[in-house]
Enquirer: 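Shown below is the structure under consideration.
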Amino acid sequence: MTAPRPTTPRKVLSRLSLPERTYVADALRTETVGGVLLLAAAVTALLWANIPALHDSYESVSHFHIGPAALGLDLSVAHWAADGLLAIFFFVAGIELKRELVAGDLRDPKAAALPVVAALCGMAVPALVYTVTAVTGGGSLDGWAVPTATDIAFALAVLAVIGTSLPSALRAFLLTLAVVDDLFAILIIAVFFTADLNFAALGGSVAGLLLFWVLLRAGVRGWYVYVPLALVVWALMYNSGIHATVAGVAMGLMLRCHRREGEDRSPGERIEHLVRPLSAGLAVPLFALFSAGVVVSGGALADVFTQPETLGVVLGLVVGKAVGIFGGTWLAARFTRASLSDDLAWADVFAVASLAGIGFTVSLLIDELAFAGDRAMTDQVKAAVLLGSLIAATLATVLLKIRNAKYRQLWAEEERDEDADGVPDVYEEDDPAYHLRLATLYERKAAEHRRIAREKAAARHGLAEVPGGAGEDHHRPA
């Protein structure tokens, strides 16, 4: 009887494949720029709302109504930003999720288990922390979903500001967490924050989505077909009573994200590449500009820690996110019999989990839905989201900085390209041609160093033969 073949234990958070690394690098580059713009928009909103001379103008612009009332779209500027612009954000999130499911790490159930379990625990634990805090303090349970969301753009902006060289595996883990997080966030919005349904509008929206799907499958091309149809679907979804951003994620999930023969990129990847800058650079920052403008004072910040709803949000983001994601990752690794990558430590996972406690865009959106009838509470919870995200960012910065020397070493190893062929060397170490190229390169360098050595030796020998020795006459002009 043959002995069973030993199996190599699966590694979690190991090095990405080259195509996945390229995709992640491109996505994160855009999100990082968008995150910096998001940060700038949030700061602008806070200044605009808190400078007495400007406060009234902020309120006037935010609550200025525009749009056709006959179509049920006479909305304020802030409302357009939340329901309209964020539909673009969720459209990109839908494409990202579809790509992960058919071409990325989530297509393999074993590999998908870790980020999915981590994301679910990273949403369940903050909700539980909020609920316990609210019940203990006798507060409202309406805001349980506020601390469940991670803002990937804001998290990447923090990474850009603190200058940490986080390895691509950890960055990809953070991105995948946020993608799964966004999917469950939109499900929470659709299920728990839908009031009265208008079945006629909902039926029209579903019909529009079916037409969108049929046109895609028929291979019909042209933005002039899809953009007007998308606007109709969005408007009908808005009037149905379901949050309009659901239309965005539904259309994103319909795009084909696997490549066919002869394609460099799938249609989904191509459209995502075009739309992502619009989402990260315009839609999300404008939403932040008209959502983050809360009046903040010393007393208001102190009140965050005294009211159960706001304290629950802060604890959910800072404690719940870190504990949930770290615990979910450990459990997924434990029960799938996988081990952590040799290059990383569990402290790195906890640092990234702390960074995921930055909940901004979707947290603010859920806050506005959860406390829609209470303007004072909405603003207080917004302040709690801002404060909780700031504390989470500070904690993550400290933890990441402690390990930054190790991250720089890993990053340098990932980027090393000695043969200058545009592909990092770590992806070519099993290729004989790579080693032959390096051998030729080193031989050329060795020949050059031998030539230099001969020249130096000859020059030194020549100087030694100068009568009286070289350099004795210190007063001779040069």
Side-chain angles (χ1 to χ4, degrees), residues 9-17 20-21 24 28 31 100 104-106 108 110-126 128-129 147-152 154-156 158-159 162 164-182 184 315-359 388-389 391-411 413-414:
R10 193 172 62 84
K11 298 287 185 181
V12 298
L13 300 182
S14 55
R15 185 179 296 122
L16 304 176
S17 66
E20 188 70 7
R21 181 183 183 275
V24 167
L28 294 183
E31 290 291 351
E100 286 289 339
D105 288 345
L106 298 184
D108 176 8
K110 288 184 180 178
L114 184 130
V116 170
V117 171
L120 282 173
C121 291
M123 299 183 82
V125 176
L128 181 62
V129 168
T148 60
T150 293
D151 195 306
I152 182 65
F154 223 136
L156 292 172
V158 170
L159 289 179
I162 66 176
T164 183
S165 306
L166 205 62
S168 58
L170 285 177
R171 289 176 183 263
F173 177 58
L174 186 61
L175 179 63
T176 307
L177 273 177
V179 170
V180 178
D181 197 300
D182 287 340
F184 286 107
L315 292 177
L317 289 172
V318 178
V319 179
K321 273 289 183 184
V323 172
I325 291 173
F326 179 82
T329 305
W330 186 86
L331 286 172
R334 177 78 176 78
F335 286 104
T336 57
R337 296 182 181 179
S339 60
L340 192 64
S341 168
D342 296 333
D343 294 329
L344 300 173
W346 283 106
D348 302 315
V349 179
F350 188 80
V352 171
S354 300
L355 189 65
I358 300 173
S389 298
I391 295 171
T394 304
L395 174 62
T397 297
V398 172
L399 295 175
L400 292 170
K401 279 295 187 182
I402 291 171
R403 295 271 293 167
N404 203 31
K406 176 66 174 177
Y407 298 152
R408 278 200 299 267
Q409 179 187 341
L410 293 173
W411 184 258
E413 182 65 18
E414 286 182 5

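Sequential numbering from 1 along the given sequence is applied to the chain's residues.
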Enquirer: Provide the full list of salt bridge (charged side-chain N to carboxylate O under 4.0 Å, His left out) pairs with a residue in residues 317-330, sequence neighbours left out, each pair given once.
Expert: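 Matches after skipping sequence neighbours: Asp181-Lys321.
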Enquirer: Show the nearest heavy-atom pair for residues Ala353 and Ala322, with the distance to one decimal.
Expert: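 Looking at all heavy atoms of both residues, the closest pair is CB-O, 3.6 Å.
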Enquirer: To the closest 0.5 Å, what do you measure between CG (Leu159) and CG (Leu170)?
Expert: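 Result: 10.0 Å between the selected atoms.
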Enquirer: Closest approach of Ala351 and Ala396, non-hydrogen atoms and distance?
Expert: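 It is O-CB, 3.9 Å.
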Enquirer: Which atom names give the shortest non-hydrogen contact between Gly328 and Val117, and what distance separates them?
Expert: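 That would be O-CG1, 3.6 Å.
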Enquirer: How long is the span from the CG atom in Leu114 to the OG1 atom in Thr329, to the nearest 0.5 Å?
Expert: 5.0 Å
Enquirer: Would you confirm whether Thr150, through its side chain, and Ala356, through its main-chain N or O, come within 3.5 Å as a donor-acceptor pair?
Expert: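 The answer is yes, because a donor-acceptor pair under 3.5 Å joins these two groups.
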Enquirer: Are Leu344 and Val349 close enough, and set up right, to give a side-chain contact (heavy atoms from CB on, under 4.5 Å), and what steps lead you there?
Expert: CA-CA 8 Å; Leu344 300 173; Val349 179; over 6 Å; no
Enquirer: What closest approach, in Å, do Val125 and Gly324 show between heavy atoms, and which atom pair accounts for it?
Expert: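 In this case the closest contact between Val125 and Gly324 is CG2-CA, 3.7 Å.
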Enquirer: Which residues satisfy the side chain to side chain donor-acceptor pair (under 3.5 Å) test with Asp151, sequence neighbours excluded?
Expert: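 Scan of Asp151 (side chain to side chain donor-acceptor pair (under 3.5 Å), adjacent residues dropped) gives Thr361.
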Enquirer: Do you know the tightest heavy-atom contact between Leu177 and Pro115?
Expert: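 Where Leu177 meets Pro115 most closely, the heavy atoms are CD2-O, 3.7 Å.
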Enquirer: Find the distance between CZ (Phe326) and CG (Asp348) and round it off to the nearest 0.5 Å.
Expert: 10.5 Å
Enquirer: Distance from Leu340 atom CG to Trp346 atom CH2, nearest 0.5 Å?
Expert: 5.0 Å
Enquirer: Once rounded to the nearest 0.5 Å, what's the spacing between atom OH of Tyr407 and atom NZ of Lys401?
Expert: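 NZ of Lys401 is found 11.5 Å from OH of Tyr407.
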Enquirer: Side chain of Ser389, backbone of Gly359: donor and acceptor closer than 3.5 Å?
Expert: yes
